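Computed from heavy atoms alone, side chains included, the values below leave out hydrogens, waters and symmetry copies. This structure is a prediction, so every number in the text was calculated from the model and none was measured. Letters go in sequence order (proteins before strands), and every chain restarts at 1.
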There are 2 protein chains.
Amino acid sequence: MVEAVRLIDTRERILDSAERLFMAHGYDGTSMRQITGEAGVNLAAVNYHFGSKESLIQEVFRRRLDWLNEERMRILNELESEADGKALKPSQIVDGFFGTMLRMAGDENRGGITFLRLMGRTLTEPSEFIRAFLAHEYKVVLDRYKEALFQALPDVPKAEIVWRFHFMLGATSYAIAGTDALRLVTDWQIEKEDSVDRLDRLLPRLMSFLLGGLRAQLPQFPEEAASDGE
Amino acid sequence: MVEAVRLIDTRERILDSAERLFMAHGYDGTSMRQITGEAGVNLAAVNYHFGSKESLIQEVFRRRLDWLNEERMRILNELESEADGKALKPSQIVDGFFGTMLRMAGDENRGGITFLRLMGRTLTEPSEFIRAFLAHEYKVVLDRYKEALFQALPDVPKAEIVWRFHFMLGATSYAIAGTDALRLVTDWQIEKEDSVDRLDRLLPRLMSFLLGGLRAQLPQFPEEAASDGE
DNA sequence: CCATAATTCATACGTTCGTTTTAATCATAG
DNA sequence: CTATGATTAAAACGAACGTATGAATTATGG
């Protein structure tokens, strides 16, 4: 057991530093020398343990996403088995997906707020391979949750639900990434009021907004005089 | 007469290429050589005309944002003078801010969809100075629109409105940036259905969602309720 | 205890980056 | 036409990047 201590330590220290630095400065904006410098390990350690910078950030995500997505699946399965065939409430589904992610930020062993902000920021990351990787990691879970929403909202066209899922992801991503990084709108009172109980209050706030948007009146398209879709 | 043609051409060609490349690959992910290469101008032209890469992206934004923010101000002023003292409808305010931005994407002379996507992506851009620059550019307009929402929704706590403005920005940013770049959720039908009439349909869809979220039931915070949990 | 594998280390490689420099080319005014 | 200032062009700068190398160090199994 003692034999692997230094190995694991080095790997974990690199992952921790990379997580924090990618969150703060983005993928392209973070250099290997910054990462290894902050982690207190040799420059070559990243390539030795992970192979490349690309593999490193993938491992940074995998370390957290594996648990998160399994948890999301577990919750949805549990909800559906409890519902016993009946449709779930949209609020249950939304909370299972987005609430689980936000509550993860309270658990420092799972990356805490740092990973959450990295997550929020990376969904619009410029680098092609990162988006491709995330899309792949998320595919199964997203499909399950989309399907659950289809059944929970049988009167809403599927395309509309997909779009609103998209909007919800954006609102969440932004809410997370911006809690204390970007302050286009805020800039005055949010910081003080919510510096401590940030997550306690952010979750209900976001959930209200998401559910309001998800259940909003359906849009009317300007030239809509012909047949409906789907 | 003819004397300024080449100068203006070079400047504009650089700005156009930079706009497109920053949109596609981000700020750090785009090199001066890519920009000048695509624009068909000499590498040194950027530093000659703009001074630095940082100044270049600021000019890329200023070229479009000046008009957009003036238009937003004009619209809000007009709405308020028409209302003649009475409170505006939230939908008018939201449309003035977000609708104006989306409609700008239909005008190719104002950057079209390219600038809109650059905009959406940059709001979560890692580079510190870019976020600071945008925050500064937006300050006046955002304050005016926030104030308008305060008056339009007198029963909603101001902090709540600020948060929901924040969420709306995120949903919009994401909706724009992702229309054909990132496809975490979509990946199947949106592309085909909305490749042509993307903007015609995106605007009503987004507006419904935003207004639903803005007017949603107020959140209940756990510690305000007498009982702890359920 | 020693052979061997695993890990760390210092160092260097080849590229690419943003910027600068200096000379050539252009347009315009006197 | 020529003087002058503005623009473009080619080339190079030093710095930083991700990665690779080979030796030194550490841990492990027989």
Side-chain angles (χ1 to χ4, degrees), chain A residues 1-61 122 125-130 132-133, chain B residues 1-61 122 125-130 132-133:
Chain A
M1 207 52 177
V2 194
E3 81 266 21
V5 161
R6 225 181 33 172
L7 182 155
I8 290 179
D9 255 5
T10 298
R11 272 184 61 101
E12 292 293 306
R13 290 162 62 86
I14 289 173
L15 288 173
D16 288 344
S17 295
E19 184 173 72
R20 204 193 66 78
L21 287 166
F22 286 148
M23 177 274 290
H25 308 116
Y27 178 74
D28 287 326
T30 302
S31 72
M32 304 282 258
R33 285 164 180 83
Q34 284 178 272
I35 296 170
T36 53
E38 178 174 306
V41 303
N42 189 270
L43 169 61
V46 171
N47 289 284
Y48 176 77
H49 284 286
F50 301 96
S52 67
K53 191 183 178 187
E54 290 203 1
S55 302
L56 170 61
I57 195 175
Q58 294 192 17
E59 194 53 36
V60 166
F61 276 102
T122 307
E125 180 81 16
S127 297
E128 185 68 31
F129 84 94
I130 298 181
F133 166 74
Chain B
M1 310 173 28
V2 196
E3 82 268 22
V5 162
R6 225 182 30 174
L7 182 155
I8 291 180
D9 255 5
T10 298
R11 272 184 62 101
E12 292 293 307
R13 289 162 63 86
I14 290 173
L15 288 173
D16 288 343
S17 295
E19 185 173 70
R20 203 193 66 79
L21 287 166
F22 285 149
M23 177 273 290
H25 309 115
Y27 177 75
D28 287 326
T30 303
S31 72
M32 303 284 258
R33 284 164 180 84
Q34 286 178 270
I35 296 171
T36 53
E38 179 174 305
V41 304
N42 189 271
L43 168 61
V46 170
N47 288 283
Y48 176 77
H49 284 286
F50 301 95
S52 67
K53 192 183 178 186
E54 291 203 0
S55 302
L56 170 60
I57 195 175
Q58 294 192 17
E59 193 54 36
V60 166
F61 276 101
T122 308
E125 181 82 16
S127 297
E128 185 68 31
F129 85 93
I130 297 181
F133 165 74

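If you take CD1 of I57(A) and P of dG18(D), they are 12 Å apart, rounded to a whole angstrom. If you take CG of N42(B) and C1' of dA12(D), they are 13 Å apart, rounded to a whole angstrom. dT26(D) atom P lies 16 Å from atom CG of D9(A), rounded to whole Å. Here the C1' atom of nucleotide dC17(D) and the CD atom of E54(A) are 14 Å apart, to the nearest Å. Rounded to whole angstrom, the span from the CZ atom of R11(A) across to the P atom of dT8(C) amounts to 11 Å.
Looking at every heavy atom in both residues, I14(A) comes nearest to L56(A) through CG2-CD1, 3.8 Å. When all heavy atoms are compared, the tightest approach of T30(A) to K53(A) is O-NZ, 2.7 Å. The minimum heavy-atom distance between N42(B) and T36(B), with the atom names listed, is O-CG2, 3.5 Å. Closest of all the heavy-atom pairs between M32(A) and L43(A) is CB-CD1, 3.9 Å.
A close approach under 4.0 Å does occur between a side-chain nitrogen or oxygen of H49(A) and OP1 or OP2 of dT8(C).
In this view, E54(A) satisfies the salt bridge (charged side-chain N to carboxylate O under 4.0 Å, His left out) rule with no residue, not counting sequence neighbours. Applying the ring-ring contact (aromatic ring centres under 6.0 Å, His included) rule to F61(B) yields the partners F115(B); only residues at least two apart in sequence or on another chain are considered.
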For nucleotides 12-18 of chain C, list the nitrogen or oxygen atoms of the protein found under 3.5 Å from its nitrogen or oxygen atoms, one pair per line.
residue: dC17(C); atom: OP1; partner: S31(B); partner atom: OG; Å: 3.4
residue: dG18(C); atom: OP1; partner: T30(B); partner atom: O; Å: 3.4
residue: dG18(C); atom: OP1; partner: K53(B); partner atom: NZ; Å: 2.6
residue: dG18(C); atom: OP2; partner: M32(B); partner atom: N; Å: 2.8
residue: dG18(C); atom: N7; partner: R33(B); partner atom: NH1; Å: 2.8
residue: dG18(C); atom: O6; partner: R33(B); partner atom: NH2; Å: 2.7

